[in-house]
Amino acid sequence: MSDVLVPPGQALVASEAGGLLIEGHGLRRVFASGGVETVALAGADVAIAHGEMLAIIGPSGSGKSTLMAILGCLDRPTSGTYLLEGKDVTRLNDDALSAVRCRTIGFVFQSFHLLQRSTASENVELPLIYAGVSRRDRRHRSRALLESVGLGHRLDHRPNQMSGGENQRVAIARALVNNPRLILADEPTGNLDSRSGTEILGLFRRLNNERGVSVILVTHDPRVADKCDRVLEILDGQVMRDSSRIGIGDGGGR
Ligand code: ADP
Ligand code: MG
């Protein structure tokens, strides 16, 4: 696997500047629909350093996806503050928020979210079209990324011609196309058999170890959480346990 996942040094720039990658204080998110209010996040505090590989666990409905959406600048908290790389992003308008998102974050979802009629290569190229990259450079970059996730032989296959694990690797290649410093993955192994899940996790681990990309993933699977350096447990919209604060945490290598 080659070194094109992220150009060397790219992921280190921000951490050298010091400070935390993520700092959320009292994050609250209330959904109101049909006269009913649901408190999805009830004042969660979260601090994550550059270069961490962290799992978020917790029962269904505890607020994990809501937290991920806020951390990923896809949503804003009802109250509380969120600093991403030291910048208060809760005050940004939609355009500025989406610019931060494109520059900084790659997303991976449980159900892959690939365009079914497009090839693996076209799926990976898509974010580059929005960035105005030429067709030739797009193709070149997408091929290199797909090769780096072990799919050099699947460039022109469509999602329904590939396995779930291969689809998720295409989604990871797409998430990496803009050189994000942070990968957010919501149940990335949830639709995969255990062998494919292990492969996907290995890919995240490699990105984290070799390139310093920070990885935050939501999982139901204790074996997946176990492979991360730190585990946050969410319950009723709050962070109830943090392995780095309760003595389990040795900062990695578990
Ligand atoms: P998890 O990912 O841990 O399963 P979620 O963050 O998806 O939990 O949801 C937390 C709570 O917020 C749940 O009670 C859910 O029903 C509610 N919720 C999430 N999104 C919305 C929404 N868009 N509108 C109303 N309620 C929502
Ligand atoms: Mg969820």
Side-chain angles (χ1 to χ4, degrees), residues 21-48 52-84 89-90 92-94 97-98 101 105-114 164-165 167-168 171-172 174-175 180 182-194 196-197 200-201 203-204 214-246:
L21 172 63
I22 278 172
E23 220 180 321
H25 296 286
L27 295 175
R28 228 179 122 72
R29 180 65 166 101
V30 181
F31 292 105
S33 56
V36 182
E37 283 204 339
T38 307
V39 179
L41 282 183
D45 294 315
V46 53
I48 300 170
E52 288 203 68
M53 177 149 164
L54 175 144
I56 296 178
I57 61 170
S60 182
S62 57
K64 304 181 298 295
S65 294
T66 303
L67 179 61
M68 290 290 266
I70 290 172
L71 298 185
C73 302
L74 294 162
D75 188 22
R76 292 188 187 80
T78 309
S79 63
T81 53
Y82 173 35
L83 308 182
L84 178 61
V89 289
T90 46
L92 299 179
N93 66 25
D94 287 351
L97 206 57
S98 102
R101 203 162 57 223
I105 305 168
F107 294 92
V108 178
F109 301 95
Q110 176 172 2
S111 50
F112 321 134
H113 287 208
L114 299 174
N167 274 288
Q168 194 59 302
I172 291 173
R174 181 189 53 191
L182 169 63
I183 296 276
L184 291 178
D186 198 343
E187 305 263 11
T189 63
N191 280 348
L192 303 179
D193 60 80
S194 72
S196 307
I200 293 302
L201 205 68
L203 206 49
F204 286 137
S214 306
V215 177
I216 303 177
L217 59 88
V218 168
T219 184
H220 270 115
D221 186 343
R223 286 167 306 180
V224 171
D226 224 41
K227 298 242 168 58
C228 295
D229 301 327
R230 180 177 167 201
V231 181
L232 294 186
E233 190 172 343
I234 310 284
L235 197 64
D236 296 334
Q238 286 185 310
V239 179
M240 292 308 282
R241 272 156 57 102
D242 179 343
S243 66
S244 74
R245 276 193 226 138
I246 58 174

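Whatever order the structure lists ligands and atoms in, that order sets their numbers, starting from 1. FYI, side chains are in, hydrogens and waters are out, and symmetry mates aren't considered; it's all heavy atoms of this structure.
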Which distance, rounded to the nearest 0.5 Å, do you find between the CG of L54 and the CG of L217? 8.0 Å
Of the listed options S60, A40, G63, closest to atom 12 (O) of ligand 1 (non-hydrogen atoms): A40
Are the charged groups of D242 and R230 less than 4.0 angstrom apart, N to O? yes
What are the atoms of ligand 1, with element, lying closer than 4.0 Å to any heavy atom of P59? 3 (O)
Would you compute the distance between atom SG of C73 and atom CZ of F107 and round it to the nearest 0.5 angstrom? 7.0 Å
Considering only protein heavy atoms, which is closest to atom 1 (P) of ligand 1, and at what distance to one decimal place? G61 N, 3.5 Å
Nearest to atom 25 (C) of ligand 1, what protein heavy atom do you find, and at what distance? F31 CB, 3.3 Å
Specify whether the nearest protein heavy atom to atom 18 (N) of ligand 1 is under 4.0 angstrom away. yes
Output yes if S60 passes the N/O/S-under-2.8 Å test against the Mg ion (ligand 2); output no otherwise. no
Rounded to the nearest 0.5 angstrom, the CG-CG distance for L182 and L71 is 8.0 Å
dist E187:CD -> M68:CE (nearest 0.5 Å) comes out at 9.5 Å
Does atom CG (D236) have a neighbourhood of more than 12 heavy atoms from anything else shown, all under 6.0 Å? no
Check D94 with R76, please: is the shortest side-chain N to carboxylate O separation under 4.0 Å? yes
Under a heavy-atom criterion of less than 4.0 Å, does A69 contact ligand 1? no
Minimum-distance protein heavy atom relative to atom 7 (O) of ligand 1: S65 CB, 3.7 Å
Give the residue, atom name and distance (to 0.1 Å) of the protein heavy atom nearest atom 16 (O) of ligand 1. T38 CG2, 4.8 Å
Part of T66 with heavy atoms under 4.0 Å of ligand 1, whether side chain, backbone, both or neither: both
